[in-house]
Amino acid sequence: MNGTSIPAPRSPVDCPSYLQHARVTVVDDNAVNVDVLSRLLQRSGVADVTGFTDPQQALAHCLSTRPDLVLLDLHMPELDGYRFMHELRATTGDSEFLPVLVLTADVTGDARRTALTVGADDFITKPFDSVEVMLRVRNLLETGALYTRLQEHTDVIQAALDQQLANERAAQQHREQARNRIETVMDQGRLMMVYQPFVRLNDLEIVGAEALSRFTDEPHRPPNVWFDEAHDVGLLGALECDAV
């Protein structure tokens, strides 16, 4: 049974979504064990179960598809469960949760400790109890679903923070450019005053004048825009003094 996919039946109404949509890989060199575990998962509502008796093929499958859970035997020819987990964990990053449930006839303490050390998330000895297996499977799949939701939430928050930082950097750059423009105008005398006379019509005598600011620097903009920009960068008083 190498890469055998068993279609899941219609899920029961009370079957949680994380179980219905789970992808589980079963790896055991004994085809009977693979069949028993696959059918147990199927009857419990798992949507996608793939069984392997060849651990090399199983490892390639897990590396390419990243299932939600791996049920793994320990003592297999060519590639045992310890090496399997070592190869699998070598490709998973800190942000990836790919749980492994070990099922083995090896009841020694060394087997349990070594398996948990190299990457097992849980450990059951054979012959196993089907209820216990499904409880462990449910716990690991639910943890994985919660981890995925947490990661998605974290990604949303990180994206919002990145956007906020980008906006702040853009605003700071805009302020620096505006400040440089105002300082250049003042330093290089590119602000000048022009006067528009007030003339009395009955005798054409000049009785006053309106003082107008004119900026010769680029970009060409109305004086009020320049003064508003100077206000935004804390240079309004200096620019007004320069205009006197």
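This structure is a prediction, so every number in the text was calculated from the model and none was measured. Any value given below was found using the heavy atoms of this structure, including those in side chains, with hydrogens, waters and symmetry copies removed.
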> Salt bridge (charged side-chain N to carboxylate O under 4.0 Å, His left out) with R136: which residues, sequence neighbours excluded?
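Applying salt bridge (charged side-chain N to carboxylate O under 4.0 Å, His left out) to R136 gives D122, E132.
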> Can you give the donor-acceptor pairs under 3.5 Å from side chains of residues 207-215 to other protein atoms, not counting sequence neighbours?
| residue | atom | partner | partner atom | Å |
| --- | --- | --- | --- | --- |
| E210 | OE1 | Q196 | NE2 | 3.4 |

> With salt bridge (Lys or Arg N to Asp or Glu O under 4.0 Å) as the criterion, how do D110 and R113 come out once you've worked through the C-alpha distance, each side chain's angles and the decisive distance to 0.1 Å?
CA-CA 5 Å; D110 286 344; R113 286 190 293 272; 2.5 Å; yes
> Donor-acceptor pairs are to be reported for all side-chain atoms of residues 64-73 against protein atoms at under 3.5 Å, with residues two or more places apart or in another chain.
| residue | atom | partner | partner atom | Å |
| --- | --- | --- | --- | --- |
| S64 | OG | A60 | O | 3.1 |
| S64 | OG | H61 | O | 3.0 |
| T65 | OG1 | H61 | O | 2.7 |
| T65 | OG1 | H61 | NE2 | 3.4 |
| R66 | NE | E96 | OE1 | 3.4 |
| R66 | NE | E96 | OE2 | 2.4 |
| R66 | NH1 | L63 | O | 3.0 |
| R66 | NH2 | T91 | O | 3.0 |
| R66 | NH2 | T91 | OG1 | 3.3 |
| D68 | OD2 | R23 | N | 2.7 |
| D73 | OD1 | K126 | NZ | 3.4 |

> Mind checking the OG1-CG spacing from T53 to N33? Nearest 0.5 Å is all I need.
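So the OG1 of T53 and the CG of N33 are separated by 11.0 Å.
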> So, do R138 and L19 sit near enough that their side-chain heavy atoms are less than 4.5 Å apart?
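Counting from C-beta outward, R138 and L19 do come under 4.5 Å.
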> What residue pairs, at least two apart or across chains, pass side chain to side chain donor-acceptor pair (under 3.5 Å) with a residue in residues 145-154?
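For residues 145-154: Q151-D155.
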> Give the intermediate values and the outcome of side-chain contact (heavy atoms from CB on, under 4.5 Å) for residues M134 and L41.
CA-CA 7 Å; M134 284 312 305; L41 292 164; 3.8 Å; yes
> With rounding to the nearest 0.5 angstrom, report the CD1 to CD distance, I157 to Q164.
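If I round to the nearest 0.5 Å, the distance is 12.0 Å.
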> The criterion is side chain to side chain contact (heavy atoms under 4.5 Å, CB included); which residues satisfy it with P222, sequence neighbours excluded?
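Side chain to side chain contact (heavy atoms under 4.5 Å, CB included) list for P222, sorted by chain: N224, V225.
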> Picking from T184, L191, V185, what satisfies side-chain contact (heavy atoms from CB on, under 4.5 Å) with Q188?
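The side-chain contact (heavy atoms from CB on, under 4.5 Å) with Q188 is passed solely by T184 among T184, L191, V185.
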> Apply side-chain hydrogen bond (donor to acceptor under 3.5 Å, both in side chains) to E176 and list each qualifying residue two or more places apart in sequence or on a separate chain.
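Q172.
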> Starting at CZ of F84, measure out to CD of E87 and round the result to the nearest 0.5 Å.
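Result: 10.0 Å between the selected atoms.
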> Just how far is it from atom CD of E142 to atom CG of L146, taken to the nearest 0.5 Å?
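Atom-to-atom, E142:CD and L146:CG are 5.5 Å apart.
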> Please give me the minimum heavy-atom distance between D29 and P77, naming the atom from each residue.
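Looks like OD2-CD, 3.6 Å.
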> Which residues pass the salt bridge (charged side-chain N to carboxylate O under 4.0 Å, His left out) test with E183, sequence neighbours left out?
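With neighbours one apart ignored, the set is R179.
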> Could you see if L103 belongs to whatever hydrophobic cluster contains L140? Use Ile, Leu, Val, Met, Phe, Trp, Tyr and a side-chain cutoff under 4.5 Å.
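They do share one cluster, since a chain of ILVMFWY contacts under 4.5 Å joins L103 to L140.
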> Provide the closest heavy-atom pair for P197 versus I206 in the form atom of the first, atom of the second, distance.
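Closest approach of P197 to I206, heavy atoms only: CB-CG2, 4.1 Å.
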> Look up atom CG in D28 and atom CZ in F52, then write down how far apart they are to the nearest 0.5 Å.
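If we round to the nearest 0.5 Å, D28:CG and F52:CZ are 13.5 Å apart.
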> Same cluster or not: V32 versus V49, using hydrophobic residues (I, L, V, M, F, W, Y) connected whenever any side-chain heavy atoms lie under 4.5 Å apart?
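Cluster IDs for V32 and V49 match.
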> Tell me if the CG atom of L161 is crowded by more than 12 foreign heavy atoms within 6.0 Å.
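For L161, atom CG is crowded (more than 12 foreign heavy atoms under 6.0 Å).
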> Are V36 and V24 joined in one hydrophobic group, where the rule is that I, L, V, M, F, W and Y side chains link up if heavy atoms are under 4.5 Å apart?
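Yes, same cluster.
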> Go through the structure and list residues passing side-chain hydrogen bond (donor to acceptor under 3.5 Å, both in side chains) with E229, not counting sequence neighbours.
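side-chain hydrogen bond (donor to acceptor under 3.5 Å, both in side chains) list for E229, sorted by chain: R181, R221.
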> Without swapping roles, check the side chain of T92 against the backbone of R89 for a donor-acceptor pair under 3.5 Å.
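Yes, T92 side chain to R89 backbone: donor-acceptor pair under 3.5 Å.
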> Can you name the nearest heavy-atom pair linking C62 to T25, along with the distance?
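So the two residues come closest at SG-CG2, 4.0 Å.
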> Is there a path from L141 to V100 through hydrophobic residues (I, L, V, M, F, W, Y) whose side chains come within less than 4.5 Å of each other?
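In one cluster: no.
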> With sequence neighbours excluded, tell me which residues meet side chain to side chain contact (heavy atoms under 4.5 Å, CB included) with L165.
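With neighbours one apart ignored, the set is E168, R169.
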> Between L74 and M85, is a side-chain contact (heavy atoms from CB on, under 4.5 Å) present by the stated rule, with each step listed?
CA-CA 10 Å; L74 279 185; M85 287 185 284; 4.2 Å; yes
> Does F128 belong to the same Ile/Leu/Val/Met/Phe/Trp/Tyr cluster as V137, with side-chain heavy atoms less than 4.5 Å apart forming each link?
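Yes, it is one cluster - the side chains of F128 and V137 are joined through contacts under 4.5 Å.
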> According to side chain to side chain contact (heavy atoms under 4.5 Å, CB included), who are the partners of Q173, at least two apart in sequence or on a separate chain?
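Q173: side chain to side chain contact (heavy atoms under 4.5 Å, CB included) contacts with Q177.
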> Return the set of residues passing side-chain hydrogen bond (donor to acceptor under 3.5 Å, both in side chains) with H75 (not counting sequence neighbours), or none when no residue passes.
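Testing H75 for side-chain hydrogen bond (donor to acceptor under 3.5 Å, both in side chains), a comparison that skips the adjacent residues, returns D106.
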> Could you report the tightest heavy-atom contact between A178 and V233, atom names first, then the distance?
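Taking every non-hydrogen atom into account, CB-CG1, 3.9 Å.
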> Suppose we screen for side-chain hydrogen bond (donor to acceptor under 3.5 Å, both in side chains). Which residues come up paired with D129, at least two apart in sequence or across chains?
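For D129 there are no side-chain hydrogen bond (donor to acceptor under 3.5 Å, both in side chains) partners, ignoring immediate neighbours.
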> Roughly how far, to the nearest 0.5 Å, is CZ of R83 from CE of M76?
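Between atom CE of M76 and atom CZ of R83 there are 13.0 Å.
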> Locate the shortest heavy-atom distance separating F227 from E240; write the atom from each residue and the value.
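Smallest heavy-atom distance, with atoms named: CE2-CG, 4.0 Å.
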> Restricting to non-hydrogen atoms, name the atom on L88 and the atom on L59 that form the minimum distance, rounded to 0.1 Å.
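Closest approach of L88 to L59, heavy atoms only: N-CD1, 4.2 Å.
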